[in-house]
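Single-structure report; data block below.
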Amino acid sequence: EKITEDKSLNLNVLYLRNKDIKALSFYQKLEEVFSLSLRNNLFDYHGLGELVASPFVKNIKSLNLTDNFIGDKGVLILSESESMSNLEVLNLEKTGVTSIGIMALSQSPYLKKLRELNLNRNSIDAKGFRLLATSQNFKNLKVFRGSGISMGDEGFQSLVNSSTLKQLEELEVAGNTISNKSLLKLEKSALLTQLKKIDLRRNSLNEADQLFIAQSSEFGNLKSLRF
């Protein structure tokens, strides 16, 4: 695969294993890459450790690790890597991350610039959502994707009540058993005034809840509402 004009390198669905990621870490042209996508491969935290230890990855701003089982150990390795200090977009969809991984991100001395975070299809508990809502490492987030992560009302309300997520504009929380109780909290929150897009599909909401949203002026500023 070649590095594109916009400085992206896409190495998706190539069955790359740890040894292949280790070989990639020696590729000097990685210095030119701003966006690296490694979606749907076969490496784990060992391979990721080799990658982030590379002297050539310091310019990477966007990293897509979707569907590689790096787990919490991989997120910890990533969080402790000074070479990842420029990272702004991090995709951890279906990587086996739990709230332990969220704690690592929240305490990282290097990951301070995150603008987009994708945690879709992982399993995060209430503690993880409290960390997301309170850590200064997430204060620059503009986009948060957390569909199918067992959020429930408690997790959703942690995000809604956050005084840290002041930059958040896009919230994807489909498939999380969120109920109309949380809609009432959202309607009265400061978060709603800044949101531009929200995805509430596949939650514990019905037609009456949809009508409530349609009739509420508080939801009128949204540019996109998926229900």
Side-chain angles (χ1 to χ4, degrees), residues 39 62 64-67 72 75 88-103 105-106 114-227:
R39 174 174 52 81
S62 176
N64 186 350
L65 297 169
T66 296
D67 216 357
D72 292 326
V75 177
E88 296 179 4
V89 179
L90 179 58
N91 192 333
L92 294 172
E93 180 168 346
K94 201 180 177 186
T95 51
V97 177
T98 73
S99 294
I100 296 171
I102 305 304
M103 181 178 291
L105 291 176
S106 72
L114 290 177
R115 294 186 298 105
E116 296 188 22
L117 179 62
N118 186 338
L119 294 175
N120 288 350
R121 298 193 292 167
N122 288 294
S123 185
I124 314 295
D125 66 16
K127 183 177 181 180
F129 296 113
R130 287 194 293 272
L131 290 167
L132 284 165
T134 57
S135 170
Q136 290 297 304
N137 280 8
F138 303 121
K139 68 179 181 180
N140 296 314
L141 279 184
K142 288 186 175 293
V143 178
F144 175 70
R145 305 190 194 285
S147 292
I149 56 175
S150 309
M151 181 180 291
D153 285 322
E154 185 177 2
F156 183 71
Q157 289 175 30
S158 289
L159 300 181
V160 165
N161 295 328
S162 172
S163 59
T164 302
L165 301 174
K166 294 181 178 179
Q167 305 297 319
L168 196 66
E169 296 179 351
E170 188 171 339
L171 182 60
E172 178 186 313
V173 288
N176 278 308
T177 61
I178 295 167
S179 75
N180 56 7
K181 179 171 66 174
S182 289
L183 282 187
L184 294 171
K185 296 280 188 182
L186 178 60
E187 184 193 31
K188 297 174 182 176
S189 72
L191 180 66
L192 185 57
T193 63
Q194 68 196 47
L195 284 177
K196 295 179 179 177
K197 294 182 179 180
I198 186 166
D199 187 344
L200 289 166
R201 291 173 300 157
R202 303 190 308 279
N203 281 293
S204 302
L205 303 169
N206 55 36
E207 290 182 5
D209 300 318
Q210 192 168 7
L211 183 61
F212 166 77
I213 291 175
Q215 293 178 341
S216 171
S217 60
E218 303 299 330
F219 288 85
N221 292 327
L222 289 172
K223 292 183 177 179
S224 173
L225 171 62
R226 304 185 75 182
F227 191 93

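Quantities reported herein were computed from a predicted structural model and do not represent experimental measurements.
- Nearest heavy-atom pair across F219 and L186 is CE2-CD2, 3.8 Å.
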Scan the side chains in residues 89-103 for donor-acceptor partners under 3.5 Å anywhere in the protein, sequence neighbours excluded, and list what turns up.
unit_1, atom_1, unit_2, atom_2, d
N91, OD1, T66, OG1, 2.9
N91, OD1, E93, N, 3.0
N91, OD1, N118, ND2, 3.4
N91, ND2, T66, OG1, 3.3
E93, OE1, N118, ND2, 3.4
E93, OE2, R121, NE, 3.1
E93, OE2, R121, NH2, 3.2
T95, OG1, L92, O, 2.6
T98, OG1, D72, OD1, 3.4
T98, OG1, D72, OD2, 2.5
T98, OG1, I100, N, 3.2
S99, OG, D125, N, 3.0
S99, OG, D125, OD1, 2.5
S99, OG, G128, N, 3.2

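- L184 has its side chain within reach of F212: a pair of non-hydrogen atoms, C-beta onward, lies under 4.5 Å apart.
- Residues L168 and L191 form a side-chain contact, since some pair of their non-hydrogen atoms from C-beta on lies under 4.5 Å apart.
- Residue E154 places its CD atom among 12 or fewer non-hydrogen atoms of other residues, nucleotides or ligands, all under 6.0 Å distant.
- Considering all non-hydrogen atoms of both residues, A133 and S158 come closest at CB-O, 3.2 Å.
- A heavy-atom distance below 4.5 Å is found between the side chains of L171 and F156.
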Atom pairs and distances, donor-acceptor, side-chain atoms in residues 220-227, under 3.5 Å, two or more places apart:
none

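- Scored by the side chain to side chain contact (heavy atoms under 4.5 Å, CB included) test, A190 finds no partners at all (sequence neighbours excluded).
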Candidate pair L200 and L183, rule side-chain contact (heavy atoms from CB on, under 4.5 Å), full reasoning: CA-CA 10 Å; L200 289 166; L183 282 187; 3.9 Å; yes
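- One finds a salt bridge joining E170 and R145 here, because a Lys/Arg side-chain nitrogen approaches an Asp/Glu carboxylate oxygen to under 4.0 Å.
- Here Q167 pairs with K142 under the side chain to side chain contact (heavy atoms under 4.5 Å, CB included) rule; sequence neighbours left out.
- At least one side-chain heavy atom of N120 sits under 4.5 Å from a side-chain heavy atom of E172.
- Checked against side chain to side chain contact (heavy atoms under 4.5 Å, CB included), Q136 has the following partners two or more places apart in sequence or in another chain: K139, T164.
- With sequence neighbours excluded, the residues forming a side chain to side chain contact (heavy atoms under 4.5 Å, CB included) with K181 are D153, Q157, S179, listed by chain and number.
- Under 3.5 Å, the side chains of E88 and N140 contain no donor-acceptor pair of N or O atoms.
- When all heavy atoms of N176 and A174 are compared, the closest pair comes out as ND2-O, 3.3 Å.
- Minimum interatomic distance between L105 and F138 (heavy atoms only, all atoms of both residues): CB-CZ, 3.8 Å.
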